[in-house]
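Below, chain A is the first sequence line, B the second, and so on; all start at residue 1.
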Amino acid sequence: MKIATYNVNGVNGRLPVLLRWLSETQPDIACLQELKAPQEKFPEEAILEAGYEALWLGQKSWNGVAVLSKIGKPEVSRTSLPGDDSDDASRYLEVKVKDLIIACLYLPNGNPVPGPKFDYKMGWFERLDAHAEMLINSGKKVILAGDFNVMPTENDVYKPEKFKNDALFLPEIREAFHNLIGQGWTDAIRHLYPNETIYTFWDYFRNAYQRNAGMRIDHFLLSPEVLPQLKKAGVDTDVRGWEKSSDHGPVWIELK
DNA sequence: ATGCCTTTTAACAAAAGA
């Protein structure tokens, strides 16, 4: 079984690229972030025609997450993180498919630092941390997948020194990510490729993709019950080079 | 030092992204 996560940066503007990617790579489940579309503007028909049933949380202009499946319709588990009823950003969609719980998440960017956006990011991470602990303690097969907006180590960004004061790389956010992992989660890409330089995002400008000036910010975290099934993982880096592509590339895992 | 591009919204720039 192949599961993918892809920050599409606009699901309607990206539809031709999204459909081509689904058709060429055939993930069984795809988690999408940054739909940038209200609930009623999600391209459900085109996704259905591509063979996928979908659940999605839309929002006007920004955010938005979805889970696509061609192995049975996902069942909603949660549509937000617990802990802050005032947060109405569409950033978290947790579903059940088969025997898996899959959390599709879009962590806030957090820049500029310092400021309310970074405070919001740290607060969001705290709520994720608390909920993830509950999930991992459940003993179920759980996957946290999505755009975490965190480069976990210096090997995850092309020029670490340039990002010392960035919300994606500050010590406190890397520590938050490290603490989350410490609950018992496994970073699937790093588990299979401990030392390789692997990126999932390349900026639109300065020819970042052509220069491979990238960052690894989209992640798969696996609960201990899922880890033994991990067979392969990778990034569809070529998709980032397609015409009208997102600034992120799709990341995927294969489970036995 | 810098959002240098791209998307969305809306009707022009502005906001946001990372």
Side-chain angles (χ1 to χ4, degrees), chain A residues 5-21 31-43 46 56-66 87-92 104-125 128 146-174 176-177 197-219 235 237 239-251:
Chain A
T5 182
Y6 187 17
N7 179 322
V8 292
N9 187 14
V11 71
N12 287 304
R14 203 69 56 215
L15 194 56
V17 167
L18 174 62
L19 294 175
R20 178 183 166 195
W21 168 69
C31 302
L32 308 181
Q33 300 87 31
E34 277 208 85
L35 304 180
K36 291 186 167 179
Q39 189 69 12
E40 65 276 14
K41 292 279 178 64
F42 183 82
W56 67 95
L57 286 181
Q59 185 178 332
K60 189 178 171 184
S61 304
W62 299 301
N63 309 320
V65 285
D87 183 3
D88 55 2
S90 295
R91 293 181 176 275
Y92 187 89
C104 172
L105 62 95
Y106 175 45
L107 232 124
N109 174 297
N111 279 310
V113 180
K117 291 190 175 183
F118 188 65
D119 296 340
Y120 173 57
K121 181 179 197 174
M122 294 305 292
W124 207 94
F125 210 121
L128 175 64
D147 179 357
F148 284 70
N149 269 317
V150 180
M151 287 93 80
T153 73
E154 300 212 334
N155 196 21
D156 296 312
V157 53
Y158 69 105
K159 263 189 188 169
E161 65 277 12
K162 283 186 69 151
F163 290 84
K164 286 281 187 249
N165 297 309
D166 191 282
L168 284 71
F169 197 59
L170 275 174
E172 45 265 60
I173 199 69
R174 290 162 61 192
F177 188 86
T197 297
I198 296 170
Y199 299 140
T200 68
F201 169 92
W202 298 263
D203 230 315
Y204 279 124
F205 37 73
R206 300 194 194 96
N207 288 316
Y209 177 66
Q210 288 75 9
R211 294 185 295 121
N212 196 28
M215 317 174 197
R216 193 176 72 93
I217 57 178
D218 302 271
H219 306 296
V235 183
T237 52
V239 175
R240 176 63 183 83
W242 291 358
E243 194 76 22
K244 297 281 285 177
S245 101
S246 168
D247 38 9
H248 295 249
V251 186

- Item | Sugar-phosphate, base or nothing in reach of A:D147, heavy atoms under 4.0 Å | sugar-phosphate
- Item | salt bridge (Lys or Arg N to Asp or Glu O under 4.0 Å) involving A:D87 - partner list, sequence neighbours excluded | A:R127
- How would you list, by chain and number, every residue that makes a side chain to side chain contact (heavy atoms under 4.5 Å, CB included) with A:F42, sequence neighbours excluded? A:V11, A:L35, A:E44, A:I47, A:A54, A:W56, A:A66, A:L68
- Describe the nucleic acid contact of A:F163 in one word from base, sugar-phosphate, nothing, applying a heavy-atom distance below 4.0 Å. nothing
- Message: Suppose you measure atom P in B:dA11 against the same atom in B:dC5; what distance do you get, rounded to whole Å?
- Response: 26 Å
- Message: So, using ring pair (Phe, Tyr, Trp, His ring centres under 6.0 Å) as the criterion, who are the partners of A:F177 when residues are at least two apart?
- Response: A:F148, A:H219
- Along nucleotides 5-15 of chain B, 5' to 3', which nucleotides get a B, which get an S, and which get a -, given that the test is a protein heavy-atom distance under 4.0 Å? BSBSSS-----
- Item | Under-4.0 Å salt bridge between A:K164 and A:E154 | yes
- Would you indicate what A:N111 reaches in the nucleic acid, counting non-hydrogen atoms under 4.0 angstrom: base, sugar-phosphate, or nothing? base
- Message: When the P atoms of B:dA1 and B:dA15 are compared, how many Å lie between them, rounded to an integer?
- Response: 24 Å
- Query: In whole Å, what is the span from the NE2 atom of A:H248 to the C1' atom of B:dA16?
  - Reply: 12 Å
- If you round to the nearest 0.5 Å, how far is CG of A:N149 from NZ of A:K121? 5.0 Å
- Query: Which sits closer to the 5' end of DNA chain B, A:I217 or A:K162, going by the nucleotide each is nearest to?
  - Reply: A:K162
- Could you tell me whether A:F148 contacts a base, only the sugar-phosphate backbone, or nothing, with contacts defined as non-hydrogen atoms closer than 4.0 Å? nothing
- Message: Under 4.0 Å, heavy atoms only, any strand: does A:N165 hit a base, just the sugar-phosphate, or nothing?
- Response: nothing
- Item | Rounded distance (Å) that lies between atom C1' of B:dA16 and atom OH of A:Y120 | 14 Å
- Note on the structure: Sequence neighbours excluded, the answer for ring pair (Phe, Tyr, Trp, His ring centres under 6.0 Å) partners of A:F118 is none
- Task: To the nearest Å, give me how far apart CE (A:M215) and C1' (B:dG17) are.
- Result: 11 Å
- Query: If the P atom of B:dA16 is compared with that of B:dA10, how far apart are they to the nearest Å?
  - Reply: 14 Å
- Message: Could you work out, with side chain to side chain contact (heavy atoms under 4.5 Å, CB included) as the rule, every residue matching A:N12, not counting sequence neighbours?
- Response: A:A37, A:K41, A:P43
- Query: Expressed as a whole number of Å, how far does the P atom of B:dC12 sit from that of B:dG17?
  - Reply: 25 Å
